[in-house]
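Below, chains carry the letters A, B, ... as their sequence lines are ordered, and counting in each starts from 1.
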Amino acid sequence: MPRPADPAIPPRPDPSRPAAMSAPDPGALLAWYDRHQRRLPWRAEPGTRQDPYRVFLSEIMLQQTTVVTVAPYYAAFLARWPSVKALAAAPLEEVLSAWAGLGYYARARNLHACARAVVERHGGAFPDTEAALLELPGIGPYTAAAIASIAFERRAAAVDGNWERVLARLFAVEEALPRAKARLRALALTLLPETRHGDFAQAMMDLGATLCTPRKPACALCPWQGSCAAHAAGAPERYPVKAAKSVRPTRQGVAFLAVRADGAVLVRSRPPRGLLGGMSEVPSTDWVEGGPADPALAAPMALEWQPLNAAVGHVFSHFALELAIWRARAPALTPAPKGHRWVRPEGFDAEAFPSVMRKVLEYIG
DNA sequence: TAAGCGTGGCT
DNA sequence: TAGCCAAGCTT
(Lines give C-alpha, C1' and ligand atoms only; values in the text may rest on other atoms or scores of the structure.)
Protein backbone atom coordinates (compact mmCIF):
# COMPACT_ATOMS: atom_id res chain seq x y z
CA MET A 1 0.00 0.00 0.00
CA PRO A 2 1.70 3.24 -1.08
CA ARG A 3 1.72 6.01 1.41
CA PRO A 4 2.46 9.71 0.99
CA ALA A 5 6.07 10.67 1.39
CA ASP A 6 7.01 11.94 4.82
CA PRO A 7 7.54 15.68 4.33
CA ALA A 8 10.24 15.57 6.99
CA ILE A 9 12.33 13.21 4.82
CA PRO A 10 13.24 14.69 1.45
CA PRO A 11 13.28 12.12 -1.34
CA ARG A 12 16.76 10.87 -2.05
CA PRO A 13 17.92 12.25 -5.38
CA ASP A 14 18.79 9.68 -8.01
CA PRO A 15 22.55 10.22 -8.40
CA SER A 16 22.28 9.40 -12.10
CA ARG A 17 19.54 11.94 -12.75
CA PRO A 18 19.53 15.69 -12.15
CA ALA A 19 16.56 16.82 -10.06
CA ALA A 20 14.98 18.79 -12.91
CA MET A 21 14.97 15.81 -15.28
CA SER A 22 11.64 14.14 -16.05
CA ALA A 23 11.23 10.37 -16.14
CA PRO A 24 11.23 8.82 -19.64
CA ASP A 25 7.63 8.55 -20.86
CA PRO A 26 6.87 5.38 -22.86
CA GLY A 27 4.01 7.23 -24.54
CA ALA A 28 6.40 9.80 -25.96
CA LEU A 29 8.48 7.04 -27.52
CA LEU A 30 5.40 5.34 -28.99
CA ALA A 31 4.24 8.64 -30.48
CA TRP A 32 7.67 9.05 -32.09
CA TYR A 33 7.47 5.46 -33.36
CA ASP A 34 4.11 6.13 -34.98
CA ARG A 35 5.78 8.81 -37.09
CA HIS A 36 9.22 7.30 -37.72
CA GLN A 37 9.10 3.52 -37.56
CA ARG A 38 11.12 1.68 -40.17
CA ARG A 39 9.32 -0.55 -42.64
CA LEU A 40 11.12 -3.89 -42.57
CA PRO A 41 10.29 -7.13 -44.41
CA TRP A 42 9.45 -9.02 -41.22
CA ARG A 43 7.24 -6.33 -39.73
CA ALA A 44 3.45 -6.51 -39.90
CA GLU A 45 1.37 -3.67 -41.24
CA PRO A 46 0.81 -1.10 -38.48
CA GLY A 47 -2.07 -2.16 -36.28
CA THR A 48 -1.83 -5.83 -37.23
CA ARG A 49 -0.13 -8.73 -35.47
CA GLN A 50 2.69 -10.60 -37.19
CA ASP A 51 2.83 -14.36 -37.78
CA PRO A 52 4.87 -15.82 -34.88
CA TYR A 53 6.93 -17.93 -37.30
CA ARG A 54 8.02 -14.82 -39.18
CA VAL A 55 8.94 -13.08 -35.96
CA PHE A 56 10.88 -16.16 -34.86
CA LEU A 57 12.72 -16.53 -38.17
CA SER A 58 13.69 -12.86 -38.33
CA GLU A 59 14.74 -12.66 -34.68
CA ILE A 60 17.08 -15.64 -34.96
CA MET A 61 18.63 -14.24 -38.14
CA LEU A 62 19.01 -10.77 -36.63
CA GLN A 63 21.05 -11.99 -33.66
CA GLN A 64 24.35 -10.08 -33.97
CA THR A 65 23.57 -9.51 -37.65
CA THR A 66 22.59 -6.38 -39.54
CA VAL A 67 19.24 -5.72 -41.18
CA VAL A 68 20.85 -5.35 -44.62
CA THR A 69 22.61 -8.70 -44.33
CA VAL A 70 19.54 -10.54 -43.09
CA ALA A 71 16.98 -9.28 -45.62
CA PRO A 72 17.81 -11.59 -48.56
CA TYR A 73 18.21 -14.64 -46.31
CA TYR A 74 14.88 -13.94 -44.66
CA ALA A 75 13.13 -13.72 -48.04
CA ALA A 76 14.76 -16.92 -49.27
CA PHE A 77 13.90 -18.89 -46.12
CA LEU A 78 10.32 -17.67 -46.08
CA ALA A 79 9.84 -18.58 -49.74
CA ARG A 80 11.37 -22.03 -49.29
CA TRP A 81 9.90 -22.84 -45.88
CA PRO A 82 6.73 -20.74 -45.42
CA SER A 83 5.73 -22.28 -42.11
CA VAL A 84 7.30 -23.78 -39.01
CA LYS A 85 5.98 -27.19 -40.10
CA ALA A 86 7.71 -26.87 -43.47
CA LEU A 87 10.97 -25.91 -41.80
CA ALA A 88 10.69 -28.80 -39.35
CA ALA A 89 10.24 -31.23 -42.23
CA ALA A 90 13.39 -30.05 -44.02
CA PRO A 91 16.69 -31.94 -43.75
CA LEU A 92 19.26 -30.12 -41.61
CA GLU A 93 21.73 -30.17 -44.52
CA GLU A 94 19.38 -28.06 -46.62
CA VAL A 95 18.91 -25.54 -43.82
CA LEU A 96 22.67 -25.24 -43.31
CA SER A 97 23.18 -24.78 -47.04
CA ALA A 98 20.58 -22.01 -47.15
CA TRP A 99 22.17 -20.37 -44.08
CA ALA A 100 25.70 -20.49 -45.55
CA GLY A 101 27.32 -17.06 -45.45
CA LEU A 102 25.16 -15.70 -42.66
CA GLY A 103 27.50 -16.82 -39.89
CA TYR A 104 27.04 -18.11 -36.34
CA TYR A 105 25.95 -21.47 -37.66
CA ALA A 106 24.72 -22.76 -34.32
CA ARG A 107 21.78 -20.47 -35.01
CA ALA A 108 20.85 -22.53 -38.07
CA ARG A 109 21.14 -25.80 -36.18
CA ASN A 110 19.04 -24.40 -33.33
CA LEU A 111 16.53 -22.83 -35.72
CA HIS A 112 15.92 -26.26 -37.18
CA ALA A 113 15.83 -27.96 -33.78
CA CYS A 114 13.42 -25.31 -32.53
CA ALA A 115 11.07 -25.79 -35.46
CA ARG A 116 10.99 -29.49 -34.74
CA ALA A 117 10.39 -28.84 -31.04
CA VAL A 118 7.48 -26.53 -31.83
CA VAL A 119 5.93 -29.25 -33.97
CA GLU A 120 6.61 -32.09 -31.56
CA ARG A 121 5.92 -30.33 -28.24
CA HIS A 122 3.34 -27.73 -29.28
CA GLY A 123 1.55 -29.20 -32.28
CA GLY A 124 3.11 -26.73 -34.69
CA ALA A 125 1.94 -23.57 -32.90
CA PHE A 126 4.49 -21.38 -31.13
CA PRO A 127 3.86 -21.08 -27.38
CA ASP A 128 2.63 -17.58 -26.50
CA THR A 129 4.44 -16.91 -23.23
CA GLU A 130 7.95 -15.71 -22.57
CA ALA A 131 8.61 -18.60 -20.17
CA ALA A 132 7.50 -21.32 -22.60
CA LEU A 133 9.43 -19.75 -25.49
CA LEU A 134 12.55 -19.70 -23.33
CA GLU A 135 12.42 -23.50 -23.13
CA LEU A 136 12.99 -23.86 -26.87
CA PRO A 137 16.46 -24.39 -28.40
CA GLY A 138 18.16 -21.23 -29.63
CA ILE A 139 15.67 -18.96 -27.89
CA GLY A 140 17.28 -16.99 -25.07
CA PRO A 141 16.02 -14.13 -22.90
CA TYR A 142 16.02 -11.56 -25.68
CA THR A 143 14.36 -13.68 -28.36
CA ALA A 144 11.73 -15.06 -25.98
CA ALA A 145 10.72 -11.55 -24.98
CA ALA A 146 10.80 -10.33 -28.59
CA ILE A 147 8.48 -13.06 -29.84
CA ALA A 148 6.20 -12.77 -26.80
CA SER A 149 5.81 -9.03 -27.20
CA ILE A 150 5.83 -8.65 -30.99
CA ALA A 151 3.85 -11.75 -31.97
CA PHE A 152 1.62 -12.16 -28.90
CA GLU A 153 1.40 -8.69 -27.31
CA ARG A 154 2.79 -9.95 -24.02
CA ARG A 155 4.33 -7.41 -21.65
CA ALA A 156 8.02 -8.33 -21.88
CA ALA A 157 11.38 -6.57 -22.08
CA ALA A 158 13.22 -7.63 -25.26
CA VAL A 159 16.51 -6.12 -24.17
CA ASP A 160 18.94 -6.18 -27.08
CA GLY A 161 22.00 -4.09 -27.81
CA ASN A 162 19.82 -1.15 -28.85
CA TRP A 163 17.88 -1.19 -25.60
CA GLU A 164 21.09 -1.46 -23.64
CA ARG A 165 22.59 1.57 -25.32
CA VAL A 166 19.41 3.63 -24.90
CA LEU A 167 19.04 2.65 -21.24
CA ALA A 168 22.70 3.19 -20.42
CA ARG A 169 22.40 6.74 -21.76
CA LEU A 170 19.02 7.56 -20.26
CA PHE A 171 20.31 6.66 -16.81
CA ALA A 172 24.03 7.37 -17.35
CA VAL A 173 24.94 3.88 -16.17
CA GLU A 174 28.60 3.83 -15.19
CA GLU A 175 28.86 0.09 -14.73
CA ALA A 176 30.51 -1.54 -17.75
CA LEU A 177 28.98 -4.12 -20.07
CA PRO A 178 28.59 -7.03 -19.91
CA ARG A 179 28.44 -6.81 -16.13
CA ALA A 180 25.79 -4.10 -16.40
CA LYS A 181 23.29 -6.36 -18.16
CA ALA A 182 21.33 -7.18 -15.01
CA ARG A 183 21.07 -3.53 -14.05
CA LEU A 184 19.98 -2.52 -17.53
CA ARG A 185 17.34 -5.21 -17.60
CA ALA A 186 15.95 -3.98 -14.28
CA LEU A 187 15.80 -0.45 -15.67
CA ALA A 188 14.03 -1.76 -18.78
CA LEU A 189 11.28 -3.31 -16.68
CA THR A 190 10.56 0.10 -15.14
CA LEU A 191 9.92 1.60 -18.58
CA LEU A 192 7.47 -0.96 -20.03
CA PRO A 193 4.11 0.56 -20.98
CA GLU A 194 0.74 -1.00 -20.16
CA THR A 195 -0.25 -1.34 -23.82
CA ARG A 196 1.31 -1.77 -27.28
CA HIS A 197 4.02 -4.13 -26.04
CA GLY A 198 5.13 -5.20 -29.51
CA ASP A 199 5.34 -1.64 -30.75
CA PHE A 200 7.30 -0.59 -27.68
CA ALA A 201 9.88 -3.34 -28.23
CA GLN A 202 10.36 -2.29 -31.83
CA ALA A 203 10.30 1.41 -30.96
CA MET A 204 13.24 0.93 -28.61
CA MET A 205 15.15 -0.88 -31.35
CA ASP A 206 14.35 1.79 -33.93
CA LEU A 207 15.38 4.52 -31.54
CA GLY A 208 18.70 2.80 -30.94
CA ALA A 209 19.22 2.01 -34.62
CA THR A 210 18.36 5.40 -36.07
CA LEU A 211 18.86 8.13 -33.42
CA CYS A 212 20.58 6.76 -30.32
CA THR A 213 23.39 5.29 -32.39
CA PRO A 214 26.79 4.20 -31.04
CA ARG A 215 28.54 7.19 -32.61
CA LYS A 216 27.16 10.69 -33.20
CA PRO A 217 23.70 10.14 -31.73
CA ALA A 218 21.02 12.51 -33.04
CA CYS A 219 19.93 13.81 -29.65
CA ALA A 220 18.20 16.85 -31.15
CA LEU A 221 15.62 14.52 -32.74
CA CYS A 222 15.15 12.25 -29.73
CA PRO A 223 11.75 12.13 -28.02
CA TRP A 224 13.53 11.42 -24.73
CA GLN A 225 16.17 14.12 -24.94
CA GLY A 226 14.71 15.89 -21.89
CA SER A 227 14.83 12.66 -19.89
CA CYS A 228 18.36 11.58 -20.78
CA ALA A 229 21.06 11.84 -18.12
CA ALA A 230 23.84 11.24 -20.63
CA HIS A 231 22.61 14.08 -22.81
CA ALA A 232 22.28 16.34 -19.80
CA ALA A 233 25.88 15.53 -18.94
CA GLY A 234 26.92 16.40 -22.48
CA ALA A 235 28.49 13.00 -23.12
CA PRO A 236 26.03 10.57 -24.72
CA GLU A 237 28.77 8.75 -26.60
CA ARG A 238 30.46 7.81 -23.35
CA TYR A 239 27.69 5.26 -22.77
CA PRO A 240 27.36 2.36 -22.60
CA VAL A 241 30.69 1.85 -20.85
CA LYS A 242 32.31 -1.35 -22.12
CA ALA A 243 34.88 -3.66 -20.63
CA ALA A 244 38.24 -3.83 -22.38
CA LYS A 245 38.39 -6.41 -25.13
CA SER A 246 41.02 -9.13 -25.26
CA VAL A 247 43.39 -9.35 -28.18
CA ARG A 248 42.49 -11.54 -31.15
CA PRO A 249 45.17 -14.15 -31.93
CA THR A 250 46.08 -15.34 -35.42
CA ARG A 251 46.01 -19.01 -36.32
CA GLN A 252 47.55 -20.62 -39.39
CA GLY A 253 46.62 -23.66 -41.44
CA VAL A 254 46.96 -25.30 -44.83
CA ALA A 255 43.96 -26.15 -47.00
CA PHE A 256 44.26 -29.04 -49.47
CA LEU A 257 42.51 -28.18 -52.71
CA ALA A 258 42.26 -31.38 -54.75
CA VAL A 259 40.80 -30.82 -58.23
CA ARG A 260 39.84 -33.89 -60.24
CA ALA A 261 40.03 -34.04 -64.04
CA ASP A 262 36.27 -33.54 -64.31
CA GLY A 263 36.50 -30.33 -62.26
CA ALA A 264 35.21 -31.83 -59.03
CA VAL A 265 36.76 -30.68 -55.74
CA LEU A 266 37.41 -32.88 -52.71
CA VAL A 267 35.16 -31.83 -49.82
CA ARG A 268 34.10 -33.06 -46.41
CA SER A 269 31.70 -32.06 -43.64
CA ARG A 270 32.90 -30.59 -40.35
CA PRO A 271 31.94 -32.17 -37.02
CA PRO A 272 28.32 -31.38 -36.10
CA ARG A 273 29.12 -28.91 -33.31
CA GLY A 274 31.69 -26.22 -32.59
CA LEU A 275 33.29 -23.84 -35.07
CA LEU A 276 31.42 -24.00 -38.41
CA GLY A 277 29.70 -27.10 -37.05
CA GLY A 278 28.08 -29.26 -39.71
CA MET A 279 29.26 -27.03 -42.54
CA SER A 280 31.11 -28.16 -45.68
CA GLU A 281 34.82 -27.55 -46.06
CA VAL A 282 37.90 -28.14 -48.14
CA PRO A 283 40.05 -30.49 -46.03
CA SER A 284 42.80 -28.76 -44.09
CA THR A 285 45.24 -29.07 -41.25
CA ASP A 286 44.20 -27.95 -37.80
CA TRP A 287 44.19 -24.16 -37.40
CA VAL A 288 46.74 -23.34 -34.72
CA GLU A 289 48.83 -20.40 -33.58
CA GLY A 290 52.28 -20.81 -35.09
CA GLY A 291 50.94 -23.04 -37.83
CA PRO A 292 50.96 -26.84 -38.28
CA ALA A 293 54.33 -28.51 -37.76
CA ASP A 294 54.11 -30.83 -40.77
CA PRO A 295 51.15 -30.04 -43.06
CA ALA A 296 51.81 -33.02 -45.34
CA LEU A 297 50.71 -35.37 -42.57
CA ALA A 298 47.21 -33.91 -42.80
CA ALA A 299 46.77 -34.33 -46.57
CA PRO A 300 43.53 -36.18 -47.29
CA MET A 301 45.14 -38.38 -49.94
CA ALA A 302 48.45 -38.99 -51.69
CA LEU A 303 48.76 -36.51 -54.58
CA GLU A 304 51.38 -34.15 -56.00
CA TRP A 305 50.55 -31.24 -53.70
CA GLN A 306 51.77 -27.84 -54.92
CA PRO A 307 51.90 -24.97 -52.42
CA LEU A 308 50.36 -21.90 -54.05
CA ASN A 309 51.93 -18.51 -53.60
CA ALA A 310 48.72 -17.29 -52.00
CA ALA A 311 46.83 -17.48 -48.76
CA VAL A 312 43.28 -16.87 -47.67
CA GLY A 313 42.81 -14.43 -44.81
CA HIS A 314 39.66 -14.53 -42.73
CA VAL A 315 38.59 -13.02 -39.42
CA PHE A 316 36.38 -15.00 -37.05
CA SER A 317 34.88 -13.61 -33.88
CA HIS A 318 37.70 -14.79 -31.62
CA PHE A 319 40.68 -15.39 -33.91
CA ALA A 320 42.05 -14.46 -37.32
CA LEU A 321 43.00 -17.17 -39.80
CA GLU A 322 45.71 -17.34 -42.44
CA LEU A 323 45.06 -20.34 -44.62
CA ALA A 324 47.74 -21.35 -47.12
CA ILE A 325 46.58 -23.28 -50.19
CA TRP A 326 48.14 -26.51 -51.41
CA ARG A 327 46.65 -27.67 -54.68
CA ALA A 328 46.81 -30.97 -56.56
CA ARG A 329 45.31 -32.47 -59.70
CA ALA A 330 43.65 -35.87 -59.44
CA PRO A 331 42.96 -38.24 -62.36
CA ALA A 332 39.42 -38.83 -63.60
CA LEU A 333 37.42 -41.38 -61.63
CA THR A 334 39.67 -41.06 -58.58
CA PRO A 335 37.51 -42.27 -55.67
CA ALA A 336 37.05 -40.04 -52.63
CA PRO A 337 38.78 -41.14 -49.41
CA LYS A 338 36.56 -42.18 -46.51
CA GLY A 339 34.62 -39.26 -45.07
CA HIS A 340 35.16 -37.15 -48.19
CA ARG A 341 33.26 -36.54 -51.43
CA TRP A 342 33.87 -35.00 -54.85
CA VAL A 343 31.70 -32.00 -55.67
CA ARG A 344 31.57 -30.31 -59.07
CA PRO A 345 31.22 -26.51 -59.22
CA GLU A 346 27.57 -26.84 -60.28
CA GLY A 347 26.99 -28.47 -56.91
CA PHE A 348 28.64 -25.78 -54.81
CA ASP A 349 25.40 -23.90 -54.15
CA ALA A 350 23.87 -27.01 -52.63
CA GLU A 351 26.82 -27.31 -50.24
CA ALA A 352 26.99 -25.49 -46.93
CA PHE A 353 30.23 -23.63 -47.61
CA PRO A 354 30.94 -20.88 -45.09
CA SER A 355 32.52 -17.68 -46.36
CA VAL A 356 36.07 -18.74 -45.54
CA MET A 357 35.66 -21.83 -47.74
CA ARG A 358 34.19 -19.80 -50.59
CA LYS A 359 37.44 -17.83 -50.51
CA VAL A 360 39.48 -21.06 -50.66
CA LEU A 361 37.45 -22.30 -53.63
CA GLU A 362 38.47 -19.21 -55.59
CA TYR A 363 41.81 -20.99 -56.10
CA ILE A 364 40.49 -23.97 -58.05
CA GLY A 365 42.39 -22.42 -60.95
C1' DT B 1 31.18 -15.51 -15.40
C1' DA B 2 33.57 -15.79 -19.47
C1' DA B 3 34.69 -17.83 -23.54
C1' DG B 4 33.25 -19.72 -27.99
C1' DC B 5 30.82 -18.74 -31.94
C1' DG B 6 30.82 -15.53 -38.38
C1' DT B 7 30.45 -12.12 -41.37
C1' DG B 8 30.59 -7.77 -43.82
C1' DG B 9 30.36 -2.78 -43.63
C1' DC B 10 32.06 1.36 -41.75
C1' DT B 11 35.42 4.70 -39.92
C1' DT C 1 44.25 -0.09 -41.43
C1' DA C 2 42.54 -2.37 -37.68
C1' DG C 3 39.10 -2.03 -34.61
C1' DC C 4 34.24 -1.45 -33.90
C1' DC C 5 29.83 -2.76 -34.58
C1' DA C 6 25.15 -5.44 -35.72
C1' DA C 7 17.60 -7.43 -33.01
C1' DG C 8 22.53 -13.12 -28.58
C1' DC C 9 22.73 -18.10 -27.22
C1' DT C 10 25.13 -21.97 -25.24
C1' DT C 11 28.14 -24.17 -22.21
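- Sorted by first then second residue, the ring pair (Phe, Tyr, Trp, His ring centres under 6.0 Å) pairs that include residues 25-51 of chain A, not counting sequence neighbours, are A:W32-A:H36, A:W42-A:Y74.
- Of the charged side-chain nitrogens involved, none lies within less than 4.0 Å of a carboxylate oxygen, so that A:E59 and A:R54 do not count as a salt-bridged pair.
- Of the charged side-chain nitrogens involved, at least one lies within less than 4.0 Å of a carboxylate oxygen, so that A:R155 and A:E194 count as a salt-bridged pair.
- A distance of about 23 Å separates the P atoms of B:dA2 and C:dA7, rounded to the whole Å.
- Backbone-only contact: A:R165 has heavy atoms under 4.0 Å from sugar-phosphate atoms and none from a base.
- Taking the P atoms as reference points, B:dG8 lies 23 Å from C:dC9, given to the whole Å.
- Scanning residues 124-149 of chain A for heavy-atom distances under 4.0 Å to DNA chain C yields A:P137, A:G138, A:I139, A:G140, A:P141, A:Y142, A:T143.
- Contacts of A:L40 with the nucleic acid, taken as non-hydrogen atoms under 4.0 Å apart, include base atoms.
- Spacing between atom CG of A:D160 and atom P of C:dG8 amounts to 5 Å, rounded to whole angstrom units.
- Listed by first then second residue, pairs satisfying ring pair (Phe, Tyr, Trp, His ring centres under 6.0 Å) with a partner in residues 229-263 of chain A read A:F256-A:W305, A:F256-A:W326, not counting sequence neighbours.
- Taking the P atoms as reference points, C:dA2 lies 24 Å from B:dC5, given to the whole Å.
- Across all strands shown, A:V68 has no heavy atoms under 4.0 Å from either base or sugar-phosphate atoms.
- Under 4.0 angstrom from either OP1 or OP2 of C:dA6 there lies no side-chain N or O belonging to A:T69.
- Counting only residues at least two apart or on different chains, the side chain to side chain donor-acceptor pair (under 3.5 Å) pairs with a member in residues 197-207 of chain A are A:R38-A:D206, A:R43-A:Q202, A:R43-A:D206, A:R196-A:D199.
- Protein atom CH2 of A:W163 is 11 Å distant from nucleotide atom C1' of C:dA7, rounded to whole Å.
- Taking 4.0 angstrom as the limit, A:H314 places a side-chain polar atom (N or O) nearer than this to OP1 or OP2 of B:dT7.
- Near DNA chain B, meaning a heavy atom under 4.0 Å from it, residues 93-104 of chain A has A:G101, A:L102, A:G103, A:Y104 in order of number.
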Contact list (N/O, under 3.5 angstrom) for nucleotides 1-4 of chain B vs protein:
none

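- Taking a cutoff of 4.0 Å between a charged side-chain nitrogen and a carboxylate oxygen, A:E164 and A:R183 do not qualify as a salt bridge.
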